Amino acid sequence: MTDKKVINRIKVVLAENDRTNRWLAEAIGKNEATVSRWCFNKAQPSIDVFRQIAEALDVSVEFLRESIDDFQAKGSWSSTFACVGELEI
């Protein structure tokens, strides 16, 4: 069995809550550059850190992370990321 690539919605949830990378970094005690890498899906946090992020953003871990296969199957690319290009986080 191959591992599915995981993506996250951290940037989208931050924007929806009018929060910044800096705010999240301070809330969970991580470096802002690391949070930025997560927001652009260049890296993924560990499951323990996903739990911290979910708690800080008041969402479930499952809401924050999803496999690319599952995400594409839902046809959610455009609806979730349509506004991301316009965001300044």
Side-chain angles (χ1 to χ4, degrees):
M1 185 171 117
T2 60
D3 290 333
K4 293 182 179 182
K5 181 165 173 62
V6 172
I7 59 172
N8 71 67
R9 298 183 184 102
I10 296 170
K11 183 173 184 174
V12 172
V13 177
L14 284 170
E16 288 174 347
N17 290 285
D18 199 28
R19 299 290 188 177
T20 64
N21 293 2
R22 177 174 290 156
W23 174 87
L24 181 58
E26 290 173 0
I28 64 170
K30 300 292 181 188
N31 183 291
E32 189 175 348
T34 300
V35 172
S36 179
R37 292 184 72 223
W38 298 334
C39 286
F40 287 99
N41 282 290
K42 293 182 185 236
Q44 297 299 323
S46 69
I47 192 66
D48 290 332
V49 175
F50 261 120
R51 287 184 188 114
Q52 292 175 325
I53 295 167
E55 185 176 325
L57 295 172
D58 197 28
V59 296
S60 70
V61 171
E62 292 78 18
F63 183 79
L64 285 177
R65 56 181 302 223
E66 190 164 4
S67 77
I68 286 182
D69 292 341
D70 294 341
F71 200 57
Q72 287 174 326
K74 291 180 183 178
S76 301
W77 283 106
S78 59
S79 62
T80 301
F81 291 102
C83 64
V84 171
E86 302 169 8
L87 302 176
E88 291 185 29
I89 293 181

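All values derive from a computational prediction rather than experimental measurement.
Taken from CD in Q44 to CD1 in I10, the straight-line distance is 6.5 Å, to the nearest 0.5 Å. Atom CG of L14 and atom OG1 of T20 lie 7.5 Å apart (nearest 0.5 Å). Atom CG of residue D58 and atom CZ of residue F63 lie 11.5 Å apart, to the nearest 0.5 angstrom.
Taking a 6.0 Å sphere around CD of E16, one finds it holds more than 12 heavy atoms contributed by other residues, nucleotides or ligands.
Between L64 and I53, the shortest heavy-atom contact is CD1-CG2, 3.6 Å. Residues A27 and A56 approach most closely at CB-CB, 4.3 Å, considering heavy atoms. Nearest heavy atom pair, residue W38 against residue I28, reads CZ3-CD1, 3.7 Å.
Looking at N41, its side chain does come within 3.5 Å of a backbone N or O of N8 through a donor-acceptor pair.
With sequence neighbours excluded, the residues forming a side chain to side chain contact (heavy atoms under 4.5 Å, CB included) with N31 are A33, T34, listed by chain and number. Legend: residues meeting salt bridge (Lys or Arg N to Asp or Glu O under 4.0 Å) with D48, ordered by chain and number and at least two apart, are R51.
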W23/L57 under side-chain contact (heavy atoms from CB on, under 4.5 Å): CA gap, chis, key distance, verdict: CA-CA 11 Å; W23 174 87; L57 295 172; 3.6 Å; yes
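Within the structure, every pair that satisfies the salt bridge (charged side-chain N to carboxylate O under 4.0 Å, His left out) test and touches residues 25-44, not counting sequence neighbours, is listed here: R22-E32.
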